Trainee: 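If you scroll down you'll find the structure; I have some questions about it.
Quick note on labels: first sequence line is chain A, next is B, and so on, each numbered from 1. Since the structure is predicted, the reported quantities are computational estimates derived from the model, not experimental observations.
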Number of protein chains: 2
Amino acid sequence: MAGQSKENTRYVGDTVVHDDDTIDFEIIELLFFAYRDFTSDPDAILEKSGFGRAHHRVVHFVDREPGMTVADLLDTLKITKQSLARVLKQLIDSGYIRQVTGPEDRRQRMLYTTEEGQALARALAEPQSRRIADALAKTGPGARDTVKRFLACMKNGAGD
Amino acid sequence: MAGQSKENTRYVGDTVVHDDDTIDFEIIELLFFAYRDFTSDPDAILEKSGFGRAHHRVVHFVDREPGMTVADLLDTLKITKQSLARVLKQLIDSGYIRQVTGPEDRRQRMLYTTEEGQALARALAEPQSRRIADALAKTGPGARDTVKRFLACMKNGAGD
DNA sequence: AAAATATGTCAGCTTTATTGACATATTTTT
DNA sequence: AAAAATATGTCAATAAAGCTGACATATTTT
């Protein structure tokens, strides 16, 4: 419990302002740098395929949840249908993802990675996984569980 | 040490592929969702000012390191001069950041937040800090230190 | 005096997102 | 059966935030 929640607030106009030492700048910045470098890992691989981070996210989630629908994917990524459309079309045209008409509801398009899509998804995840493993090892025993719980709580709607 | 580093690799073409259970998909996804929601916190505030995330980062770092030069900022953000230029100009024109000619080297422009800039930086950091504090509290005692070390190791050039 | 440095700026391009509008196929409701 | 709702696709226009390349200016270093 170091360095936050002292409730030392003041006002500028009608905006609540917390003084320096009540804000956890340290972890805010660590998170920024950690994520910046974490996401830079797959960039070299993506460049070769001519894809960007948007493609990465789509291939990743479809690989992880085979058969998910377009609506599922939109909900996961929190982007609009039109934003997804271009990226998804490119991945389908390039043979990384294929669509199957839903067996129950024929309006739905269930999404699957092809062999190539699966290989891409894993090639992209590999350096990230390695970075995580190294960081956890250096952090010490028990780190994985603590980090897991912390990250889960950082997410919206983590009721507990 | 659960769920990674089994070194169970195979090849597709000349791309190294790790099988399912050798990749730490769990933490990769937790990190994605945590960061997605963490960065969404300040968005409501930014919209009011007509600024975006790029402005956020600039105001944040200048507030944290008053007197930093343009070159320092470019190095921190890892973006190009031309990308920074537009954002920085808007912040200066709006009165959130001011420039002072370097006292030693008059080519340099040392950057400072104004009162308004400081207030903005802290208003933006506040919900993020609160989210972190809540997550750490829920994770349990000792979480802060573990999370800090883990995040530091996730950054490039963190030679233990 | 020449070269290097720190910054600023113009012009054009790319990626990734946005909104709005509308089309099609299919399922559900009336 | 007709109407409404749903899942998806697509066209067009726009925005934010990055990029490269080129060049200008002021200042410091060589």
Trainee: Can a side chain N or O of B:S83 be found less than 4.0 Å away from OP1 or OP2 on D:dA17?
Mentor: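 No, outside the criterion.
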Trainee: Output all residues satisfying side chain to side chain contact (heavy atoms under 4.5 Å, CB included) with A:T139, sequence neighbours left out; order by chain, then residue number.
Mentor: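 Scan of A:T139 (side chain to side chain contact (heavy atoms under 4.5 Å, CB included), adjacent residues dropped) gives A:A143, B:T146, B:R149, B:F150, B:C153.
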Trainee: Of A:R86, A:Q90, A:H60, which is the lone residue that meets side-chain hydrogen bond (donor to acceptor under 3.5 Å, both in side chains) with A:H55?
Mentor: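 Exactly one pass, corresponding to A:Q90.
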Trainee: Once you round to the nearest 0.5 Å, how far does NZ of B:K155 lie from CZ of A:R36?
Mentor: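 The CZ atom of A:R36 is 7.0 Å from NZ of B:K155, to the nearest 0.5 Å.
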Trainee: Can we say A:R130 and B:D24 salt-bridge, meaning some charged N sits less than 4.0 Å from an Asp/Glu carboxylate O?
Mentor: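 So A:R130 does not pair with B:D24 through a salt bridge.
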Trainee: Can you tell me the distance, in whole Å, between the CE atom of B:M110 and the P atom of C:dT7?
Mentor: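 Between P of C:dT7 and CE of B:M110: 11 Å.
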Trainee: If only atom types and distance count, is the side chain of B:T114 paired as donor or acceptor with the main-chain N or O of B:G95 below 3.5 Å?
Mentor: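 Answer holds: yes.
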Trainee: Can you confirm whether A:T80 sits close enough to A:S83 that some side-chain heavy atom of one is under 4.5 Å from a side-chain heavy atom of the other?
Mentor: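 When only atoms from C-beta onward are counted, A:S83 and A:T80 do touch, with a gap below 4.5 Å.
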Trainee: Measure the spacing between CZ of B:R131 and OG of B:S40 and express it to the nearest 0.5 Å.
Mentor: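 Those atoms lie 5.5 Å apart.
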Trainee: Any side-chain heavy atom of B:K89 within less than 4.5 Å of one from B:D93?
Mentor: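 In contact.
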Trainee: Can you tell me how far the CG atom of A:D37 sits from the CZ atom of A:F32, to the nearest 0.5 Å?
Mentor: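 Between A:D37 CG and A:F32 CZ, I get 9.0 Å after rounding to 0.5 Å.
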Trainee: Check A:E26 with B:R144, please: is the shortest side-chain N to carboxylate O separation under 4.0 Å?
Mentor: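 Result for this pair is yes, salt bridge flagged.
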Trainee: Using whole Å, what does the distance between atom P of nucleotide C:dT18 and atom CD of B:E47 come to?
Mentor: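 After rounding, the gap between these two atoms is 12 Å.
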Trainee: What integer distance in Å separates B:Q108:CD from C:dA4:C1'?
Mentor: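 Computing the B:Q108:CD to C:dA4:C1' distance gives 14 Å.
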Trainee: Counting only heavy atoms and a strict 4.0 angstrom limit, can you tell me which residues of residues 53-66 of chain A come near DNA chain D?
Mentor: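 DNA chain D contact set from residues 53-66 of chain A: none.
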Trainee: With a 4.0 Å heavy-atom cut-off, tell me which residues in residues 84-101 of chain B come close to DNA chain D, sorted by residue number.
Mentor: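 Residues of residues 84-101 of chain B that come under 4.0 Å of DNA chain D are, in numerical order, B:R86.
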Trainee: Ion pair present between A:R122 and A:E126, side-chain N to carboxylate O less than 4.0 angstrom?
Mentor: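 No, no charged N to carboxylate O under 4.0 Å.
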Trainee: Given C:dA17, is OP1 or OP2 found less than 4.0 Å from the side-chain N or O atoms of A:T80?
Mentor: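 Result: no.
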Trainee: For DNA chain D, list all stems, counting runs of three or more consecutive pairs where every pair is Watson-Crick or G-U wobble with both distances under 3.5 Å.
Mentor: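 Stem list for DNA chain D: C:1-30 with D:1-30.
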Trainee: Over how many whole Å does the gap from A:K81 atom NZ to C:dG20 atom C1' extend?
Mentor: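 That distance rounds to 10 Å.
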Trainee: Are side-chain heavy atoms of A:D75 and A:K78 found at a separation under 4.5 Å?
Mentor: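 In short, these two side chains touch, coming nearer than 4.5 Å.
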Trainee: Taking the side chain as every heavy atom from C-beta outward, state whether A:L88 and A:Q99 have any pair of such atoms under 4.5 Å apart.
Mentor: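 Touching, per the 4.5 Å side-chain cut-off.
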Trainee: Within residues 68-77 of chain A, find the residues that approach DNA chain D with a heavy atom at under 4.0 Å, and present them sorted by residue number.
Mentor: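 Heavy-atom contacts with DNA chain D come from A:T69, A:V70, A:A71.
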Trainee: Any ion pair linking A:D134 and A:K138 (charged N to carboxylate O, less than 4.0 Å)?
Mentor: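 No, this pair does not count.
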Trainee: Please enumerate all protein N or O atoms sitting under 3.5 Å from an N or O of nucleotides 28-30 of chain D, with distances to 0.1 Å.
Mentor:
unit_1	atom_1	unit_2	atom_2	d
D:dT28	OP1	B:R106	N	3.1

Trainee: With hydrogens left out and only the distance checked, is there a donor-acceptor pair under 3.5 Å joining B:Q82's side chain and the base of D:dG21?
Mentor: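 Under the 3.5 Å cut-off, the side chain and the base do form a donor-acceptor pair.
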Trainee: Once rounded to the nearest 0.5 Å, what's the spacing between atom OG of A:S129 and atom CZ of B:F25?
Mentor: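 Answer rounded to 0.5 Å: 8.0 Å.
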Trainee: Output the rounded distance in Å from CZ (A:R36) to P (D:dG18).
Mentor: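 Rounded to whole Å, this separation is 13 Å.
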Trainee: Do B:D63 and B:Y112 have side-chain heavy atoms sitting under 4.5 Å apart?
Mentor: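 In short, these two side chains do not touch, never coming nearer than 4.5 Å.
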